[in-house]
Amino acid sequence: MESDRKTLDRVAARPVRRRLSVDRRREELITAALDLFSRREAEDVSIDDVATAAGASRALVYHYFGGKQELYLASLRSAAEELEARLRPENAGRPVERLSQALGRYFDFVEEHAAGFAALLKGGLANRAGEVGEIVEGVRRRLLRMIIDEMRVADPGPVLRITLRSWIASVETAALDWLEHRDMERSELERMLVDHMIALLEVAGRHDHRVREIVTVE
């Protein structure tokens, strides 16, 4: 009787495993992975780490993703897809107003999904090869195309292209710095980045009359 009681106590003490849909369980695993990948290098995160963080079994992680590389890529794609969805144009108005609104949605993502954003962008060139690099660069290319489309420019030319790519890199760096320090009001940072874009376009306009026409329209 005593041994039976102890067995029952041990069973009762075990955490109850929740029954979740396939999509919901997959989402939980990705969320746990993004948090770990944002704080540590990918090679330092194991399947066991992800399973523990998600309250799942090692076998379940392998069942859904096959291995750590597949999980890493799925996590980055998830973050990239949500970020891109946030940046799709929503409202009419002047280009600068639409840019400001898009930047606000960008920082909404940064603030609400800090782990996903950090995991997507952190690391040097060594971590940006192959499929991982394609995911990150894909986001940047589509963001560049969105901005060019909003400016109603058919052929951006090298001056405008370089200017916009430089600004996108500045926004990424500013967002990562803000997540780390948070010693500046987010609204002030967003205004500064819009002013940064306007200043860059004004400088670019000195080197390409087509960019100068865009600034004049603004």
Practice prompt. Hey, could you give me the CG/CD distance between Leu76 and Glu134, rounded to the nearest 0.5 Å?
Written response: 12.5 Å
Fill in: Minimum-distance pair of heavy atoms, taken over all atoms of Ala54 and Leu29
CB-CD2, 3.6 Å
Item to complete: Just do the salt bridge (charged side-chain N to carboxylate O under 4.0 Å, His left out) check on Glu188 and Arg191 with the steps written out, would you?
Response: CA-CA 5 Å; Glu188 182 184 356; Arg191 288 194 300 271; 5.5 Å; no
Discussion item. Check this for me, if you would: do Glu213 and Arg210 make a salt bridge, where the nitrogen-to-carboxylate-oxygen distance has to be below 4.0 angstrom?
Written reply: no
Practice prompt. Side-chain contact test, heavy atoms from C-beta onward, threshold under 4.5 Å: evaluate it for Val194 versus Glu190 and give yes or no.
Written response: no
Fill in: Residues His196, Leu200; criterion side-chain contact (heavy atoms from CB on, under 4.5 Å); working and verdict
CA-CA 6 Å; His196 185 193; Leu200 285 173; 3.5 Å; yes
Worksheet entry | Spacing of CD belonging to Glu28 relative to CG belonging to Asp23, to within rounding of 0.5 Å | 12.0 Å
Discussion item. In the structure I gave you, are the side-chain heavy atoms of Arg25 and His63 within less than 4.5 Å of one another anywhere?
Written reply: no
Fill in: Test: Arg77 and Glu131 ion pair at under 4.0 Å
yes
Fill in: Shortest non-hydrogen contact from Leu160 toward Pro156
CB-O, 3.2 Å
Worksheet entry | Ala118 versus Leu176, closest heavy-atom pair with distance | CA-CD2, 4.1 Å
Worksheet item: When you look at Arg141 and Glu137, which way does the salt bridge (charged side-chain N to carboxylate O under 4.0 Å, His left out) test go after all the steps?
Response: CA-CA 6 Å; Arg141 284 196 301 270; Glu137 288 305 316; 5.2 Å; no
Worksheet entry | Cluster link Leu99 to Ile162, ILVMFWY, side chain under 4.5 Å | no
Worksheet item: What do you reckon, is CZ of Arg186 surrounded by more than 12 foreign heavy atoms closer than 6.0 Å?
Response: yes
Fill in: Closest contact, heavy atoms only, Leu179 versus Ala114
CD2-CB, 3.8 Å
Fill in: 4.5 Å side-chain heavy-atom contact, Phe65 and Ile30
yes
Discussion item. So that I can tick it off, tell me whether Arg39 and Asp35 are bridged by a salt bridge, with the cut-off set at under 4.0 angstrom between side-chain N and carboxylate O.
Written reply: yes
Worksheet item: What is the distance from atom CG of Leu193 to atom CD1 of Ile198, rounded to the nearest 0.5 Å?
Response: 11.5 Å
Worksheet item: From Ile135 CD1 over to Leu73 CG, what is the distance, rounded to the nearest 0.5 angstrom?
Response: 5.0 Å
Practice prompt. Answer with yes or no whether the hydrophobic clustering places Leu103 together with Met192; edges join I, L, V, M, F, W, Y residues whose side-chain heavy atoms lie under 4.5 Å apart.
Written response: yes
Discussion item. Rounded to the nearest 0.5 Å, what separates atom CZ in Arg98 from atom CE in Met151?
Written reply: 10.0 Å
Worksheet entry | Candidate pair Arg105 and Glu112, rule salt bridge (charged side-chain N to carboxylate O under 4.0 Å, His left out), full reasoning | CA-CA 10 Å; Arg105 296 193 298 275; Glu112 294 168 19; over 6 Å; no
Worksheet item: Going by atom types alone, do Ser46 and Asp49 pair a side-chain donor with an acceptor below 3.5 Å?
Response: yes
Item to complete: Please answer whether the main-chain N or O of Leu71 pairs with a side-chain N or O of Ser75 as donor and acceptor at a distance below 3.5 Å.
Response: yes
Fill in: Closest contact, heavy atoms only, Ala115 versus Ser38
O-CB, 3.2 Å
Response to the item:
Rounding to 0.5 Å, atoms CZ (Arg58) and CG (Asp48) come to a distance of 4.5 Å
Discussion item. Is there a side-chain contact between Val132 and Gln69 in this structure, where contact means two heavy atoms from C-beta onward sitting under 4.5 Å apart?
Written reply: yes
Worksheet item: Is the centre of the Phe117 ring less than 6.0 Å from the centre of the Tyr106 ring?
Response: yes
Discussion item. Please give me the minimum heavy-atom distance between Ala32 and Val50, naming the atom from each residue.
Written reply: CB-O, 4.2 Å
Fill in: Leu164 vs Arg161 side-chain heavy atoms within contact, under 4.5 Å
no
Worksheet item: Sub-3.5 Å donor-acceptor pair from the side chain of Arg140 to the main-chain atoms of Ile168, do we have one?
Response: no
Item to complete: Answer yes or no for Arg182 and Trp178: cation-pi contact, defined as NZ/CZ to six-membered ring centre under 6.0 Å and angle to ring axis within 45°.
Response: yes
Worksheet entry | Sub-4.5 Å side-chain heavy-atom contact between Leu87 and Phe109 | no
Discussion item. With a 4.5 Å cut-off on side-chain heavy atoms, are Leu121 and Thr173 touching?
Written reply: no
Item to complete: Might you work through the salt bridge (charged side-chain N to carboxylate O under 4.0 Å, His left out) test for Asp149 and Arg145, ending with a clear yes or no?
Response: CA-CA 6 Å; Asp149 289 345; Arg145 174 46 57 188; 3.3 Å; yes
Discussion item. Between the side chains of Arg212 and Glu202, is the shortest nitrogen-to-carboxylate-oxygen separation below 4.0 Å, so that they form an ion pair?
Written reply: no
